Visitor: 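Before we start, here is the structure in question, set down as structure tokens.
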Amino acid sequence: MKILVFTEKPFAPAAVEAISNVVNASGNDLEVVEKGSREDLLNAVKDANGLIVRSDVIDDAVMNAAPELKVIVRAGAGYDNIDLAAATKHGICVMNTPGQNSNAVAELVFGMIVMMCRNKYNGKSGSELKGKSLGIYAFGQVGRNVARIAKGFNMNIEALDVFVPDEVIEAEGVKPLHDVNELFSQNDFVSLHIPATPQTKHSIGYDLVMKMPKGGVLINTARKEIIDEPGLIRALEERPDLRYISDIKPDTAEEFEKKFADRVFFTPKKMGAQTAEANFNAGVAAAEQAIAYLKDGWNRFQVNK
Ligand code: 3PG
């Protein structure tokens with residue numbers, strides 16, 4: 001059977017080699033298309049039985065072009081790029097690879113926080129993280145890794161996640177919260193890890209951000225869609241002490257950068273999962289999951305049940 005790896009943003013070469021070894025050892029065939037166009041995708045899926053992607057958009061039209069497709073594995077956490085209803089309609093199993101790239105994202109959170117707190121290393125005196133408070137919005141795999149690292153900085157940590165019992169959050173030495181207003185009003189740093197869903201889209205804007213204490217820093221390594229950009233711009237205009245860091249360039253990045261040059265930072269391309277280790281772990285897990293599904297229907301991480 002053919003497994004297609006289609007990634008607009010390529011995996012590290014070592015990850016591709018490892019995926020290739022895993023697929024070859026299973027007796028399946030592998031095709032890798034990197035930096036391909038939509039047309040390339042529509043061509044390559046024609047005879048694919050399994051498809052491995054990252055943030056690449058997989059919609060009904062792609063599935064229509066793929067009559068043999070049985071399984072799509074998103075090598076990563078968020079699957080908002082895949083039309084789950086269409087997949088279910090086509091009888092295709094969709095899985096993600098939870099936890100495989102979460103440390104990489106969490107490390108980037110702190111890389112960007114330190115950079116911002118040291119004024120992008122411009123020579124002016126900055127500030128430290130020790131003793132400051134961090135609010136983690138969603139305590140999934142990334143949120144937990146963020147908490148683990150924050151402890152090393154001696155930060156006070158709180159987290160809000162309606163799907164995670166208090167005991168689980170407390171077991172990590174983190175104070176559970178139940179009100180998003182508290183998360184924003186009580187923390188010097190708020191790190192966002194919620195998925196993009198109809199409920200969360202544009203949910204972080206003026207009202208919440210204005211609640212942040214003096215000097216507050218908002219960090220977004222989740223999805224750009226969760227931000228209400230005009231609302232955040234308004235808050236940054238009214239509060240010259242606030243700062244915003246994001247691993248996903250906002251749609252209105254130019255306006256942010258023009259108005260708040262020193263107070264915002266955006267990676268040019270989403271970099272959270274872009275480490276050799278995360279690429280390797282997520283890529284190999286995706287290949288193993290696709291193979292296991294094609295072999296005997298293994299579907300532990302199916303997200304379109
Ligand atoms: C994820 O959801 O796993 C991360 O956002 C990483 O996405 P990427 O694989 O497109 O870099």
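Along the sequence shown, residues are numbered consecutively beginning with 1. Note that this is a predicted model, so its numbers are computed, not measured. In listed order, ligands and their atoms are each counted from 1.
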Visitor: Does the side chain of N96 reach to within under 4.5 Å of the side chain of V73, using non-hydrogen atoms?
Guide: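 N96 vs V73: side chains apart.
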Visitor: So which heavy atom in the protein is nearest atom 9 (O) of ligand 1, and how far is it from that ligand atom?
Guide: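 Protein heavy atom at minimum distance: R54 NE, 2.9 Å.
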Visitor: I need the atoms of ligand 1 closer than 4.0 Å to a non-hydrogen atom of G78, numbered in the order shown.
Guide: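 Numbered from 1, ligand 1 contributes 1 (C), 2 (O), 3 (O).
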Visitor: Looking only at protein heavy atoms, which one is nearest to atom 11 (O) of ligand 1, and what is the separation?
Guide: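 In this structure, atom 11 (O) of ligand 1 has K9 NZ, 2.6 Å as its nearest protein heavy atom.
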Visitor: Find all atoms of ligand 1 within a distance of less than 4.0 Å from any non-hydrogen atom belonging to G76, and give their numbers and elements.
Guide: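 In order of number, 3 (O).
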Visitor: For ligand 1, which atoms have a heavy atom of N101 less than 4.0 angstrom away?
Guide: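 Near N101, the atoms of ligand 1 are 1 (C), 3 (O), 6 (C).
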Visitor: Taking CD in E31 as the centre, count heavy atoms belonging to other residues, nucleotides or ligands within less than 6.0 Å. Is the count above 12?
Guide: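 Counting neighbours around CD of E31, more than 12 heavy atoms of other residues, nucleotides or ligands fall under 6.0 Å, so yes.
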Visitor: Aromatic rings F256 and Y244: how do their planes relate, parallel, tilted or perpendicular, breaks at 30° and 60°?
Guide: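 Judged by the thresholds at 30° and 60°, the geometry between F256 and Y244 is tilted.
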Visitor: Determine whether any heavy atom of R223 lies closer than 4.0 Å to an atom of ligand 1.
Guide: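 Yes, that is the case, since the closest heavy atom of the residue is under 4.0 Å from the ligand.
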Visitor: For atom 3 (O) of ligand 1, find the nearest protein heavy atom and state the residue, atom name and distance (0.1 Å precision).
Guide: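 For atom 3 (O) of ligand 1, the nearest protein heavy atom is A77 N, 2.6 Å.
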Visitor: Which residue owns the protein heavy atom closest to atom 1 (C) of ligand 1, what's the atom, and how far is it?
Guide: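 Looking only at protein heavy atoms, the one closest to atom 1 (C) of ligand 1 is R74 NH2, 3.3 Å.
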Visitor: Within the 4.0 Å heavy-atom shell around A273, which atoms of ligand 1 are there?
Guide: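 Reading through ligand 1 atom by atom, the close ones are 6 (C), 11 (O).
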Visitor: Identify the protein heavy atom lying closest to atom 10 (O) of ligand 1, giving its residue, its atom name and the separation to 0.1 Å.
Guide: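 Result for atom 10 (O) of ligand 1: S55 OG, 2.4 Å.
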Visitor: Take S55 and N81, measure what side chain to side chain donor-acceptor pair (under 3.5 Å) needs, and give me the verdict at the end.
Guide: CA-CA 6 Å; S55 292; N81 51 316; 5.3 Å; no
Visitor: Distance to the ring centre below 6.0 angstrom and angle to the axis at most 45 degrees; does that hold for R234 and Y206?
Guide: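 The answer is yes; both the distance and angle limits are met.
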Visitor: Side-chain contact, heavy-atom cut-off 4.5 Å: T221 with M112?
Guide: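 Yes - at least one pair of side-chain heavy atoms lies under 4.5 Å apart.
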Visitor: Report the C-alpha distance between F139 and H193 in whole Å, list the side-chain angles of each, state the deciding distance to 0.1 Å, and finish with yes or no for side-chain contact (heavy atoms from CB on, under 4.5 Å).
Guide: CA-CA 8 Å; F139 208 62; H193 302 291; over 6 Å; no
Visitor: What residue and heavy atom of the protein are closest to atom 5 (O) of ligand 1, and at what distance?
Guide: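 Minimum-distance protein heavy atom for atom 5 (O) of ligand 1 reads K270 NZ, 2.7 Å.
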Visitor: Within the structure provided, determine whether R38 and D59 are in side-chain contact (heavy-atom separation under 4.5 Å).
Guide: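 Side-chain contact under 4.5 Å: yes.
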